[in-house]
Amino acid sequence: MAIPTPLKRVAAFERMGLGMFVHWGLYSQLGVGEWTYHIHKRDKDEYKTLKDTFTAEDFDAEALVLTAKEAGCKYITLTTRHHEGFSLYDTCGLSDFDAPHSAAGRDLIREFVDACNKHGIVPFFYHTTLDWLHPDFNENFDAYLEYLRKSVEVLCTNYGKIGGLWFDGNWSRKDADWKVGELYATIRKYQPDAIIVNNTGLGARGKVGHPEIDSVTFEQGRPTPMDREGMEKYVAAEMCHTLNDHWGIGKNDFNYQSPRSIIEHLCACRRVGANYLINIGPTAQGGIEPMQRELMRILGKWMGLYGEAIYRGKPHPATCSHKKNFLLKSEDAIYAFIHDLGRSGNANVTVNGEIEGDSVFRGVSEPIASVAWMDNGEVLSFVQQDGVLAIDATGYPYGMSTCVRVAKATLKK
Ligand code: GLC
């Protein structure tokens with residue numbers, strides 16, 4: 001059975017490849033994760049007073065956008081409203097539990113979108129569907145759903161063209177009628193090219209929940225290859241991932257991913273054609289933790305060397321002798337992602353002395369003209385015969401170690 005052709009918006013989303021997730025809200029002032037209201041059983045009225053100290057004085061939308069841009073991200077997904085029910089945007093009278101009615105006194109999503117547009121980054125809006133503080137969520141669900149729909153309508157009509165809506169929370173009431181058809185119809189009415197995502201959560205990664213969904217989610221877990229044969233609609237895939245153990249800032253969460261881990265997860269996503277959405281959790285008033293900024297900066301350095309392969313490459317069916325290694329293909333090239341290379345140097349200073357590693361790929365029918373490392377142009381010897389491509393993947397030169405090294409094979413004309 002045929003694989004459906006992706007809609008234009010879905011193909012464009014897939015090509016972006018790398019996004020930055022941003023979890024910021026009243027909870028950030030407490031520094032113990034975005035679920036603190038629920039998990040720590042906080043008093044509702046006391047929690048709501050957090051808006052009176054939410055000054056957003058450290059929030060610099062351009063700095064946030066440039067952090068993503070310098071990391072090689074093409075889009076940013078920012079929590080416009082999380083489960084606490086506080087909106088970073090002007091809800092236009094729907095609620096006074098929003099940024100214009102807080103100590104910030106301004107529409108933070110307006111600033112975010114303006115900065116995105118100024119720097120060519122596509123703005124995506126994360127929006128909770130559940131609401132721990134809204135009385136109707138438990139007492140009058142249909143009225144609550146209309147509040148939710150009108151809230152999303154504000155986002156779809158007040159901020160120009162947006163990249164997409166990223167919903168999260170339907171997993172909280174599995175048997176409820178969330179009237180998603182009405183919600184998605186509202187989006188389609190005003191933002192026909194917006195990507196619609198609805199997080200299926202940790203327990204249902206990769207599941208398509210509705211015909212209007214444009215991408216499935218793999219929360220905190222590496223995406224598996226999607227079998228799209230016979231599907232009505234081609235849906236993209238995206239893995240969302242924390243830098244440490246929390247989405248919203250955890251001031252005492254030191255369990256950060258290494259740069260290598262971030263890079264390998266990104267590559268594992270692209271191996272199956274999925275996007276990688278890496279998260280930062282700004283500080284109480286919207287600043288960026290230096291550690292998080294630096295990790296994004298290192299990611300950007302890696303993308304500076306190999307980004308072409310991440311953006312242009314699509315999954316290649318070849319298999320490799322080294323299980324972590326894989327190929328991506330574009331119209332005019334093949335990219336070989338090589339892991340665990342050693343490095344040359346000196347026996348007295350260089351660990352992992354093994355500096356060469358054959359990478360043998362089976363199932364490569366495209367005739368290869370030449371192969372070279374993308375980072376320094378070093379031409380690599382290779383043999384191709386009967387669909388087998390063996391690349392002499394030389395180790396890193398002393399002074400360099402990029403965690404995953406990418407070689408570009410140009411095809412014979
Ligand atoms: C989970 C968490 C939520 C977070 C989301 C990000 O749904 O409950 O807090 O925003 O994952 O994917």
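Remember, predicted model here, so these are calculated numbers, not experimental data. Indexing begins at 1, ligand by ligand and atom by atom, following the structure's order.
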request  = Among all protein heavy atoms, pick the one closest to atom 10 (O) of ligand 1 and tell me residue, atom and distance.
outcome  = His23 NE2, 2.6 Å
Protein contact to atom 11 (O) of ligand 1 [nearest heavy atom, distance to 0.1 Å] = Glu219 OE2, 3.1 Å
message = So, 4.0 Å and heavy atoms of His82: is ligand 1 close enough to count as a contact?
response = yes
remark   = One finds that the ligand 1 atoms under 4.0 Å from a non-hydrogen atom of Asn199 are 7 (O), 11 (O), 12 (O)
Residue Phe21 vicinity, atoms of ligand 1 by number, heavy atom under 4.0 Å = 6 (C), 12 (O)
Basic-acidic side-chain contact under 4.0 Å: Asp193, Lys8 = no
For Tyr126, atoms of ligand 1 separated by under 4.0 Å from a heavy atom = 10 (O)
request  = Look only at the side chain of Ser87 and the backbone of Tyr89, and say whether a donor-acceptor pair between them is shorter than 3.5 Å.
outcome  = no
message = Whether Lys74 engages the ring of Tyr311 as a cation-pi pair (distance to the six-membered ring centre under 6.0 angstrom, angle to the ring normal within 45°) should be assessed.
response = yes
ask   = Which residue and non-hydrogen atom of the protein lie closest to atom 5 (C) of ligand 1, and at what distance in Å?
value = Asp168 OD2, 3.3 Å
query = For ligand 1, does Trp166 get within less than 4.0 Å through its side chain, its backbone, both, or neither, judged by non-hydrogen atoms?
reply = side chain
message = If we only consider heavy atoms of Cys240, is any one of them less than 4.0 Å away from an atom in ligand 1?
response = yes
request  = Verify, without hydrogens or angle tests, whether Glu34 (side chain) and His23 (backbone) share a donor-acceptor contact under 3.5 angstrom.
outcome  = no
ask   = For atom 9 (O) of ligand 1, which protein heavy atom lies nearest, and how many Å away is it?
value = Glu34 OE2, 2.7 Å
request  = Could you say whether the N/O atoms of Trp35 and ligand 1 ever approach to under 3.5 Å?
outcome  = yes
message = Less than 6.0 angstrom from the centroid, inside 45 degrees of the normal: does Lys51 satisfy that with respect to the ring of Phe97?
response = no
message = Closer than 4.0 Å to some heavy atom of His83 - which atoms of ligand 1 meet that?
response = 3 (C), 8 (O), 9 (O)
Salt bridge flag under 4.0 Å for residues Arg188 and Glu212 = yes
inquiry  = Treating Gln384 as the side-chain partner and Ile368 as the backbone partner, does any N or O pair qualify as donor plus acceptor under 3.5 Å?
reply    = yes
ask   = Under a 4.0 Å N-O cut-off, is there an ion pair linking Arg110 with Asp90?
value = no
query = Within 45° of the six-membered ring axis of Phe141 and under 6.0 Å from that ring's centre, is NZ or CZ of Arg173 located there?
reply = yes
message = Considering non-hydrogen atoms of the protein only, which is the closest contact for atom 6 (C) of ligand 1, and what is the distance?
response = Trp247 CE2, 3.6 Å
